[in-house]
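Taking it in order: structure first as structure tokens, then the write-up.
Naming: A, B, ... by sequence-line order, numbering from 1 per chain.
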Amino acid sequence: MTSYILNRLLQGLIAMWVIVTIVFFLARLGGDAAALLAPADATPEQVEAIRVSYGLDQPVYLQYLDYLRGIVTLDLGQSVSYRQPVTDLVVPAMLNTAQLALTGFVIALVVGIALGAVAGMRAGSRYDQAVRALSVLGQSVPPFWLGMLLVLLFSITLGWLPAFGSEGFTSLILPACALAAFPLASIARLTRSSVLEIVGRDQTLFERAKGVSPAVLVAHILRNASLPVVTLAGIQLGAMFSGTIVVENLFAWPGVGQLAIQAIQARDYALIQGIVVINTLVFVALLFLVDLSYGWLDPRVRTNSSAEPQKAGVSA
Amino acid sequence: MSNPTRATAGGRGARPRRGRNAGRVALVAGVLTATLVAAGCGGAEAPNQGNGEIPAVAQNQTLTVGVATLQQQYADPVLANEGGNTYPIKWSVGEPLIRQDLNMAQVPALATEWTVSDDNLTWDIKLREGVKMHDGSAFTAKDVETSINRVKNPDFTSYQAYYSKIDTVEVVNDHEIKIKTKVPYANLVFDTPAPVATDYYNRVGEEEFRKQPVAAGPFKFDSQVFNESMTLTRFDDFWDAERIPNFANLIMRIIPDESSRLSGIQTGQLDIAQGLTPNSAAQLQGNPSLRLVTSKQASVANVFFVDNWFPEDSPLKNVDVRKALMLAIDRQSIADSLYRGFGSVTVNATLPVTLGNDTSLSAWPYDPTEAKRLLAAAGASDLKFTLHLYNQTTAIADVQKFAEAVIGYWKEVGVDVTMDAMDPATYLDKAVKHQLTGAVILGTPGLLISDPEKLSIFYTSTGGYSAVKNAELDELFAKLSSTVKRDDQAAIAGEISRKLHATLFGLPVVSLDAVYAIGPKVADWKVMDGNPYPGPFWYLRAN
């Protein structure tokens with residue numbers, strides 16, 4: 001198990017380094033922030049002076065080495081557009097995003113597993129057909145479109161919920177629902193197919209024949225069907241953290257997505273990179289936790305670190 | 001608190017609904033479909049500005065404005081000058097020596113009078129007495145000096161050009177200051193940063209001051225929720241009673257998405273929604289709870305022929321070709337159809353709010369036949385070039401549709417134009433570095449070009465977004481820059497105005513209004529024509 005964990009940690013670090021490096025160089029393809037920081041009537045000399053003052057005139061490889069050194073020492077640098085340390089900007093925004101993403105995730109997980117499990121156990125019924133139709137719908141509707149529909153209905157037409165903002169629980173409901181739609185549909189689909197497969201196994205038939213109580217039977221089925229769902233849920237949670245941009249923008253949610261848009265528009269390299277580093281860290285950490293959870297769910301992993309757990313989609 | 005009627009949803013299909021029965025929820029799909037269809041079908045009506053009685057003390061003590069951005073959200077009125085979109089802070093928390101009134105005329109604010117020496121280098125500025133800063137301290141010349149010394153710091157990028165011209169600053173007494181410049185500087189008093197409270201600044205230091213600034217504007221900075229909102233409170237001791245609001249709190253909510261601002265004004269979460277496109281504005285027209293307020297000619301949508309900056313030959317260097325391209329565009333149709341009446345045909349690159357604007361000039365007509373003739377005569381019947389643009393900008397609503405319309409008209413006279421849209425950061429960077437050829441689209445805010453010298457950004461060889469190298473224009477702008485007397489400046493600006501009209505290095509295609517929606521809590525709001533940015537909120541009054 002220890003080598004399994006170390007192996008996953010190493011893979012995570014390599015993934016972080018690759019992503020950070022790609023983003024570092026990609027961000028520089030479109031020019032730097034000097035022209036955007038300078039006033040419209042600045043002379044070329046004044047623009048160059050700004051470039052020098054922010055170290056943007058340095059060779060790219062020096063900027064890169066400096067940046068890697070900063071990451072190692074937990075210094076993500078200074079935002080040139082906000083004139084504040086990147087960490088001071090990204091951490092509060094990330095906490096706001098986490099609030100939104102986790103709420104959406106809980107909705108997606110609870111509702112998705114419940115819908116999928118019942119549909120899997122009643123395969124072919126009208127309920128199953130309805131869940132399948134809803135799953136297709138949930139995966140097809142873009143979050144911004146769904147968000148606009150929710151605002152039109154619950155904010156403008158019914159007046160029940162605020163159209164935007166981040167004050168209190170009520171303002172969390174609509175963006176979380178908009179964000180949850182896609183993962184909910186995915187989890188419901190996968191849970192259904194996974195449950196369907198387990199229900200058809202000899203082991204389940206045997207348990208039924210033995211007269212195991214329905215509650216215990218359902219628990220056994222869900223436990224066996226959970227591995228691919230856990231993998232998918234982990235990936236979806238990571239995607240929700242990094243994919244909130246559209247929803248945050250629509251609901252004026254002060255998260256990392258909005259910050260990323262502003263950083264990109266301002267060519268704020270340090271801020272862009274800081275957001276990517278922290279987002280990648282969250283994503284890698286989540287996948288790591290998912291991997292660890294296999295040990296709890298699948299005894300084979302605990303006893304044999306080389307055993308590959310059943311991945312999402314394999315049985316779907 | 002009043003209980004204003006909740007705004008109806010956009011368009012004809014939306015109705016206010018308050019019931020809680022499940023039957024309504026069951027009609028979700030139908031309601032949504034109808035609402036969405038109706039949202040796109042608003043009819044155009046004349047904007048309704050102003051309404052009835054304005055109470056001395058408002059019942060609604062808090063007004064919330066939805067703004068697209070506060071740039072990097074500096075509360076400090078001097079730092080806020082780093083971008084036009086932060087005018088709400090610059091004009092609310094700060095009070096300059098000279099300000100612009102609603103008609104953009106420069107009027108005394110904290111300076112009462114000013115004179116310049118015969119060599120046009122030394123300015124003697126008399127300051128207003130009896131003015132209080134937000135911390136209760138008395139405003140003195142020291143506060144002006146402190147503010148000037150602050151912008152020496154290269155962090156204040158917008159003030160580096162200003163500071164490079166300053167030679168010495170001498171406090172004569174509490175209400176008089178002398179500023180000597182290295183070169184004649186006509187806008188010195190106007191450009192001087194808003195004074196800040198010296199003792200407070202010295203006590204807390206630069207970093208803390210930026211977070212909790214103390215200046216002399218009509219609103220005090222109260223608090224900020226990063227990336228979300230900024231709250232200002234009324235400054236009761238503000239020197240100009242006319243500009244003291246009748247409500248206590250002004251909240252600026254940062255809502256980047258236009259549809260969310262639209263929803264906010266409809267649900268009553270917002271009292272003012274800034275930066276509405278004509279299509280969104282049309283959705284709200286006919287709504288009895290909401291009014292539209294427009295700032296006329298807030299910006300101009302221009303096409304600049306940047307080939308005129310490069311030494312290489314180009315058909316776009318021929319004035320007849322540029323004239324043909326202007327004549328080929330049905331600008332009235334663009335103003336009426338694309339901008340739904342919130343735009344107008346522009347006579348010239350200088351606007352009525354620009355000092356020295358020559359009002360005797362008339363707009364170039366729509367004449368595709370003459371355009372074709374001019375192109376043929378210039379041997380440019382098979383003209384081809386690329387039109388570069390940003391894919392979004394606050395200065396030009398629906399900028400991509402605007403570009404498509406212009407290109408469409410050019411195609412009708414046989415000109416083959418390729419459209420190249422890119423994100424604003426990439427685009428502006430390339431424009432500044434002269435990496436774009438052919439033509440570019442740029443918006444010129446009326447507020448910026450109310451000062452004719454600012455047109456040098458586009459029309460002189462060394463301007464930031466220079467589109468042309470022309471010795472005559474360079475000379476005229478240099479003369480303008482070194483001229484201090486206002487009348488003389490106006491005369492030179494008039495010459496520039498005529499020259500730009502005749503040469504058409506840039507086509508000022510249409511001017512656009514800035515559109516705001518205001519809700520029932522707002523009693524009145526007088527806006528500044530020519531200003532595309534939110535505010536000023538001096539003449540905003542609540543019910």
* According to the interplanar angle, ranging from 0 to 90°, do the rings of B:Phe458 and B:Phe304 count as parallel (below 30°), tilted (30 to 60°) or perpendicular (above 60°)? ->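 The arrangement is parallel - the two ring planes meet at less than 30°.
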
* Asked: Relative to the ring of A:Phe154, is the ring of A:Trp160 parallel (under 30°), tilted (30 to 60°) or perpendicular (over 60°)?
  ->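 Correct class here is tilted.
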
* Working for ring-ring contact (aromatic ring centres under 6.0 Å, His included), residues A:Tyr64 and A:Phe25 -> CA-CA 9 Å; A:Tyr64 177 64; A:Phe25 289 103; 5.2 Å; yes

At a 4.5 Å cut-off on heavy atoms, which part of [X] comes close to chain B: side chain, backbone, both, or neither?
X        : answer
A:Pro92  : neither
A:Ser79  : neither
A:Ile261 : neither

* Asked: Is the cationic atom of A:Arg189 (NZ for Lys, CZ for Arg) positioned less than 6.0 Å from the six-membered ring centroid of A:Phe182 and within 45 degrees of its normal?
  ->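 No, A:Arg189 does not lie over the aromatic ring of A:Phe182.
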
* Looking at B:Tyr185, does the NZ or CZ of B:Lys165 lie under 6.0 angstrom from its six-membered ring centre and within 45 degrees of the ring axis? ->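 Flagged: B:Lys165 positioned over aromatic ring of B:Tyr185.
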
* **Interface residue of largest heavy-atom contact number with chain A, from B:Asp423, B:Thr460, B:Ile255, under 4.5 Å** =>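 Of the options given, most contacts go to B:Ile255.
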
* Is it the side chain or the backbone of B:Ser259 that comes within 4.5 Å of chain A heavy atoms, both, or neither? ->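 The answer is the side chain of B:Ser259.
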
* Asked: So which part of B:Arg253 gets closer than 4.5 Å to some heavy atom of chain A, the side chain, the backbone, both or neither?
  ->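 The side chain, not the backbone.
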
* To do: Rounded to the nearest 0.5 Å, what's the gap from OG1 on A:Thr97 to CG on A:Asn279? Could you check?
  =>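 These two atoms lie 7.5 Å from each other.
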
* Can you tell which of A:Leu250, A:Leu259, A:Val151 has the highest number of heavy-atom pairs within less than 4.5 Å of chain B? ->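 It is A:Leu250.
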
